[in-house]
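A short worksheet on the structure shown next.
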Amino acid sequence: MQNATARTVCLRAAGAALVVELTEPVPRVLHWGADLGGLSDADAAALSLTAEAAVLNNSIDRPRRFTVWPTEADGWSGTPAHEGHLAGGAAAPGPVLTGSTHRELPGGGGEIGIALTDAAAGLDITVTYRLEPSGVLGVAASLTRRADADPEPYDLARVSTLLPLPARATEVLDFTGKWSRERQPQRRPLGHGAYVREVRRGKPGLDSPYLLTVGTPGFGFRHGEVWGVHVAWSGDQRYLVEQLPEGAGVHAAVLGGGELLRAGEIRLAPGATHRTPVCHFGWSADGLDGLADRFHTLLRDRPGHPRTPRPVVLNSWEAVYFDHDLDRLRRLAERAAEVGVERFVLDDGWFTGRRADNAGLGDWYVDPQVWPDGLAPLADHVRALGMDFGLWFEPEMVNPDSDLAREHPDWILGPARGRGPTSRNQYVLDVSHPDAWAYLLERLDTLVGAYGIAYLKWDHNRDLHEAVHGPGDRPAGHAQVEAFYRLLDTLRARHPALEIESCASGGGRIDLGVLARTDRVWTSDCNDPVERQSIQRWTGQLLPPELIGAHVGAAGSHTTGRVTADSFRLATSLFCHPGIEQDLTRCDPDELARITAWTALYRELRPLLHRGRQVRADLPGEAVLLHGVVAGDSSAALFCWARLTTSPEGQSGRVRLPGLAPDAAYRVRIRTDLGLPSLHQTAGPAWFTAALDGWVPLPGPVLARAGLPMPTLNPGHALLIEVRRA
């Protein structure tokens with residue numbers, strides 16, 4: 001609604017709200033967080049009145065306001081909304097309001113557009129706030145040099161999207177990681193100054209901040225008030241939370257982020273426009289699970305979200321590596337079909353000269369020495385067995401030992417003085433080079449069409465260091481991401497049924513920018529279930545399970561060397577988009593039987609797993625985890641009780657099953673399809689013993705409020721608990 005008297009605009013959806021007052025010279029943010037209800041004129045006036053802060057000693061001589069485009073012109077001494085200069089001048093932005101728009105969205109929420117102009121720089125700025133029905137707020141901006149502006153280009157140094165935080169938000173959670181250990185949480189108290197995370201890898205990276213969250217002290221999965229931001233951009237990024245002693249108007253701190261621009265990267269000539277990535281902001285009164293609910297709903301509401309059941313995948317990498325032999329791969333495909341696999345993906349090693357990882361990358365032609373009849377004999381065999389056929393690519397990279405590198409050295413990113421060291425024996429292809437882009441599109445388009453490829457595993461295995469191009473060494477990171485997006489968009493337009501996975505040494509490129517164009521992510525190169533329990537748990541803070549690739553590897557992990565029980569590996573993979581990453585032709589009959597039972601269990605439960613709400617229990621320590629998926633109406637659930645390490649405690653005590661309705665009647669059983677876990681006790685609790693034989697009636701108050709005593713498992717084991725409304 002827009003109040004004509006107070007000029008206040010309120011966006012509301014799913015219990016969240018943004019309130020903006022269209023003040024001059026720059027509108028200000030009155031509120032972001034819990035829904036305040038339908039604001040009457042009196043309510044809006046009261047909110048405006050209480051948004052006026054005190055005038056402090058030794059301060060500017062009027063109350064500070066936190067505006068939609070905060071700069072020093074507002075008396076804001078923190079990170080400004082934008083920085084730049086015009087040949088060394090026009091370096092003090094002073095935008096003023098020139099207009100606004102407001103509209104409601106059909107499913108709830110709405111959109112506010114605010115137009116500003118900075119006369120000194122000749123910039124027209126538009127800020128758009130879009131509150132989705134999920135309650136997630138997307139904020140983006142465009143900056144356009146006026147056509148009649150000074151011909152000197154405006155050097156744009158930074159654009160940051162910022163929203164206010166209240167004084168009760170005092171604890172920060174974000175993520176770090178490394179190869180095979182992505183999305184590891186880290187917490188810290190919020191102090192004065194700026195906590196900034198900058199990504200300079202040309203992609204979000206294995207140590208991506210991912211979702212920067214600030215909340216009330218001690219917030220957890222099921223409790224506490226939290227505010228979070230995600231930068232939907234597949235290149236360099238910047239996240240921050242900042243608190244100054246004087247606050248931000250009546251607010252205490254700010255939360256935000258944006259693309260990290262390199263010096264000289266964006267130079268706006270008259271008529272040129274720069275558009276920022278969308279920063280997605282979420283608020284929840286129900287802890288991290290409530291925040292995850294909002295983002296999962298946002299993603300599931302997308303028109304392009306996968307609607308068909310997610311197929312069981314077999315990827316060939318850990319089965320055969322570079323040893324591509326048609327007969328061996330046919331036998332692997334036959335065994336895959338027997339156990340219930342629905343999609344077969346041929347990984348690295350199929351193209352010219354690719355016998356190891358030090359040659360061939362960039363030469364995207366089927367190697368006639370290994371595949372004299374092309375890939376058709378395998379692809380046709382796979383489809384005849386009832387499976388989709390998929391193929392691995394790494395289009396943005398090139399080995400120095402390749403025909404492409406030898407014939408087109410100008411297509412490779414790097415400074416004119418000479419490129420630095422290779423990483424993983426490869427350099428980065430300049431995808432923004434028109435000829436390189438056209439080559440990649442032709443190769444991808446041709447191969448997808450020729451072999452009826454249903455699925456691409458799109459990899460990206462190194463950071464972008466010294467990502468410059470041309471004789472002037474112009475920074476290329478921003479152009480690289482835009483060209484990558486354009487390549488994906490064009491390929492998908494030509495092949496609408498094609499599905500694409502975003503992989504980058506595992507989980508190095510997971511963001512909502514790439515996911516607007518792809519269908520799932522490869523979560524990590526690590527299939528060790530002990531590591532995967534944590535990696536998947538926190539990847540789910542942003543993404544719903546159906547977008548998270550999780551494969552079952554061999555007993556001995558390829559990345560850690562740890563040996564684990566197949567029942568634990570299978571149970572861990574079940575809760576995402578599952579697949580297989582091992583040589584099934586070497587499995588004994590008992591293991592094959594359990595894998596077959598697992599694919600059947602997944603097909604039975606995937607409507608629940610991929611439509612329900614993710615839940616995670618707050619437990620002391622990290623020795624045991626309880627997580628699951630609960631139907632939207634709380635009528636059904638599947639939980640995983642997993643033990644990663646030993647602990648001093650012999651008993652778990654009562655553990656509540658989150659997400660169930662306390663006033664409902666339920667029945668509970670243990671799913672034994674994958675085999676039984678190993679117990680670290682003589683016998684389990686009485687309810688557990690009974691539930692091994694079938695359904696046990698248990699009321700909602702016991703499950704949701706009192707809790708169940710859990711059996712003590714040995715490390716590296718998991719238990720599946722199914723719950724249905726009685």
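Model, not experiment: these values are computed from the prediction. All residue numbers in this chain count up from 1 along the given sequence.
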Could you pull out the closest heavy-atom pair between [X] and [Y], with the gap in Å?
X    : Y    : answer
E182 : S180 : OE1-C, 3.5 Å
A718 : F568 : CB-CD1, 3.5 Å
F219 : R187 : O-NH2, 2.7 Å
L329 : S316 : CD2-CB, 4.4 Å
W598 : P578 : CZ2-CB, 3.4 Å
D519 : E499 : OD2-CA, 3.1 Å

Check: [Y] and [X] side chains under 4.5 Å, non-hydrogen atoms:
X    : Y    : value
L605 : V629 : no
R335 : L314 : no
V624 : E649 : no
I535 : Q184 : yes
V172 : L212 : yes
E132 : D301 : no
Q582 : I595 : yes
T523 : L543 : no

Would you mind checking if [Y] and [X] are paired as a salt bridge, meaning a charged N to carboxylate O distance below 4.0 Å?
X    : Y    : result
R594 : E591 : no
R300 : E546 : yes
E342 : R606 : yes
R569 : E581 : no

Give the table of side-chain donor-acceptor pairs shorter than 3.5 Å for residues 653-667, with sequence neighbours excluded, one pair per line with atom names and distance.
from, atom 1, to, atom 2, distance (Å)
R654, NH1, G707, O, 2.7
Y666, OH, S634, O, 2.7
Y666, OH, A661, N, 3.0

Rounded at 0.5 Å granularity, tell me how far [atom1] in [X] sits from [atom2] in [Y].
X    : Y    : atom1 : atom2 : value
E531 : T564 : CD    : OG1   : 11.0 Å
L720 : L574 : CG    : CG    : 6.0 Å
L512 : L542 : CG    : CG    : 4.5 Å
Y239 : T213 : OH    : OG1   : 10.0 Å
I548 : S524 : CD1   : OG    : 12.0 Å

Is a side-chain donor or acceptor of [X] paired with a backbone partner of [Y] at a separation under 3.5 angstrom?
X    : Y    : result
T560 : D528 : no
R294 : G282 : no
D459 : F393 : no
H558 : C526 : no
R643 : L713 : yes
T599 : V341 : no
Y210 : I510 : no
D511 : V231 : no
Q614 : G540 : yes
R613 : D289 : no

Discussion item. Suppose the criterion is salt bridge (Lys or Arg N to Asp or Glu O under 4.0 Å): which pairs have a residue in residues 622-641, not counting sequence neighbours?
Written reply: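 Checked against salt bridge (Lys or Arg N to Asp or Glu O under 4.0 Å) - neighbours excluded - the pairs reaching residues 622-641 are R537-E622.
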Practice prompt. With H627 as reference, evaluate F639, W641, F575 under the ring-ring contact (aromatic ring centres under 6.0 Å, His included) test and give the passing residue.
Written response: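 Looking at F639, W641, F575, the match for H627 under the ring-ring contact (aromatic ring centres under 6.0 Å, His included) is F575.
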Item to complete: Not counting sequence neighbours, which residues clear salt bridge (charged side-chain N to carboxylate O under 4.0 Å, His left out) with D347? List them please.
Response: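 Residues passing salt bridge (charged side-chain N to carboxylate O under 4.0 Å, His left out) with D347: K457.
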Fill in: salt bridge (charged side-chain N to carboxylate O under 4.0 Å, His left out) against E604, all qualifying residues, sequence neighbours excluded
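Result, salt bridge (charged side-chain N to carboxylate O under 4.0 Å, His left out) vs E604: R671.
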Discussion item. Between Y455 and R520, do the side chains contain a donor N or O and an acceptor N or O under 3.5 Å apart?
Written reply: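 Their side chains do contain a donor-acceptor pair, which is all the 3.5 Å distance test asks for.
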Practice prompt. Indicate whether the side chain of E225 and that of T216 have a donor and an acceptor atom separated by less than 3.5 Å.
Written response: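 No - no donor-acceptor pair under 3.5 Å links their side chains.
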Practice prompt. Would you please indicate if the ring centroids of F221 and W538 are separated by under 6.0 Å?
Written response: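 Judged by ring-centre distance (under 6.0 Å), F221 and W538 do meet the cut-off.
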Worksheet item: Do F389 and H381 make the cut of ring centroids closer than 6.0 angstrom?
Response: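 No - the distance between ring centres of F389 and H381 does not fall below the 6.0 Å cut-off.
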Item to complete: Could you go through the side chain to side chain contact (heavy atoms under 4.5 Å, CB included) check for H223 and D618 one step at a time?
Response: CA-CA 9 Å; H223 67 277; D618 290 301; 3.3 Å; yes
Item to complete: Using the test side-chain hydrogen bond (donor to acceptor under 3.5 Å, both in side chains), find all partners of R509 that sit at least two apart in sequence or belong to another chain.
Response: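 Scan of R509 (side-chain hydrogen bond (donor to acceptor under 3.5 Å, both in side chains), adjacent residues dropped) gives E396.
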Worksheet item: What residues, two or more places apart in sequence or in another chain, satisfy side-chain hydrogen bond (donor to acceptor under 3.5 Å, both in side chains) together with N527?
Response: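 N527: side-chain hydrogen bond (donor to acceptor under 3.5 Å, both in side chains) contacts with E318.
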Sequence-distant partners of [X], side-chain contact (heavy atoms from CB on, under 4.5 Å), two or more places apart:
X    : value
T518 : L488, I500, S502, V514, L515
S284 : V226, D286, L291
P277 : W233, E259
R12  : C10, A17, D35

Is it true that, when you exclude [X] itself, more than 12 heavy atoms of the residues, nucleotides or ligands shown sit nearer than 6.0 Å to its [atom1]?
X    : atom1 : result
H680 : NE2   : no
R611 : CZ    : no
R562 : CZ    : yes

N/O donor to acceptor pairs below 3.5 angstrom from side-chain atoms of residues 686-697, sequence neighbours left out:
from, atom 1, to, atom 2, distance (Å)
W687, NE1, P709, O, 2.7
T689, OG1, P685, O, 3.3

Worksheet item: Taking only residues two or more places apart in sequence or in another chain, which ones pass ring pair (Phe, Tyr, Trp, His ring centres under 6.0 Å) with H577?
Response: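 Expected list: none.
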